[in-house]
Amino acid sequence: MTRIFPEPLTREAFRPFGEVIEMAGAAHYTINQGFTERFNDLAFADVAMEGGATNVSLFLGQPRPAPIEIRLMERHPLGSQAFIPLQDRPWLVLVAGDVHDAASYRAFTCTGQQGVNYARNVWHHPLLVLDADSRFLIIDRKGPGNNLEEVWFAEDKVLGLSV
Ligand SMILES: NC(=O)N[C@@H](O)C(=O)O
Ligand code: NI
């Protein structure tokens, strides 16, 4: 089994796949009479394709059985998808440039202060959390058309994600 080893999430490393949503390193300015700092325009919610609109949801995620086996990957051809953790807990992200090329897979360990926005059509694994009842804010697309493409792996192509 091919194993994938996560690396710490950084804006630079994730750039080919979308944006990292975090305060660290982001431009910011003071608003609200000095009582709020705005970290502005951190990601592009790409949802308008084919009559789409913004969908704001909450996810309650559960850890997958360990050791984590990667049996599928998915992508959203009509829109981006942002995951923002609502608790200060580490979590995992897995993306791929080419879903059929194991060498193109990148895994990241994310802090509880880091969200990601998968750019439209980026291969990723569905939400991967490390703790029970992990809550996330999701910003993605609702509307007409099929916005989910999945690839399920044959048993001999299942990948291992080392955490
Ligand atoms: N299915 C769904 O809404 N979520 C997935 O797309 C995911 O990436 O977790
Ligand atoms: Ni998704």
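Both ligands and their constituent atoms are indexed starting at 1 by order of listing.
D88 and Q113 form a side-chain donor-acceptor contact under 3.5 Å, judged by distance and modelled atom types alone.
Taking every non-hydrogen atom of P126 and a distance limit under 4.0 Å, the qualifying atoms of ligand 1 come out as 7 (C), 8 (O), 9 (O). For ligand 1, the atoms sitting less than 4.0 Å from at least one non-hydrogen atom of F83 are 7 (C), 8 (O), 9 (O), numbered in the order shown with element in parentheses. Close approach to H76 involves these atoms of ligand 1, each under 4.0 Å from a residue heavy atom: 6 (O). Every atom of ligand 1 with a heavy atom of H124 under 4.0 Å away is listed here by number and element: 8 (O).
A salt bridge is absent between R11 and E19: the closest approach of a Lys/Arg side-chain nitrogen to an acidic carboxylate oxygen does not fall below 4.0 angstrom. Between E155 and R71 there is a salt bridge, since a side-chain N of the basic residue sits under 4.0 Å from a carboxylate O of the acidic one.
Atoms CG and NZ, on N147 and K142 in that order, are 13.5 Å from each other to the nearest 0.5 Å.
With respect to atom 9 (O) of ligand 1, the closest heavy atom belonging to the protein is L127 N, 3.1 Å. Ranking the protein heavy atoms by distance from atom 5 (C) of ligand 1 puts E74 OE2, 3.0 Å first. Ranking protein heavy atoms by distance to atom 3 (O) of ligand 1, first place goes to F59 CZ, 3.5 Å.
When heavy-atom distances to ligand 1 are checked against a 4.0 Å cut-off, Y118 has no atom that comes that close, whether in backbone or side chain.
The set of protein atoms (N, O or S) found at less than 2.8 Å from the Ni ion (ligand 2) reads E74 OE2, H76 NE2, Q81 OE1, H124 NE2, by chain and number.
Between H124 and H76, the ring planes lie tilted relative to each other; the angle falls in the 30° to 60° range.
Within the 6.0 Å centre-distance limit, the rings of F83 and Y118 are counted as a close aromatic pair. Ring centroids of F108 and F14 are separated by less than 6.0 Å, placing the two rings close together.
Proximity of atom 1 (N) of ligand 1 to the protein is not indicated, since no non-hydrogen protein atom lies closer than 4.0 angstrom.
S80 places a side-chain N or O within 3.5 Å of a backbone atom of D46 that can act as its donor or acceptor partner.
Under the side-chain hydrogen bond (donor to acceptor under 3.5 Å, both in side chains) criterion, D101 pairs with no residue, sequence neighbours left out.
Using a 4.5 Å cut-off on side-chain heavy atoms (C-beta onward), N55 and I139 make no contact.
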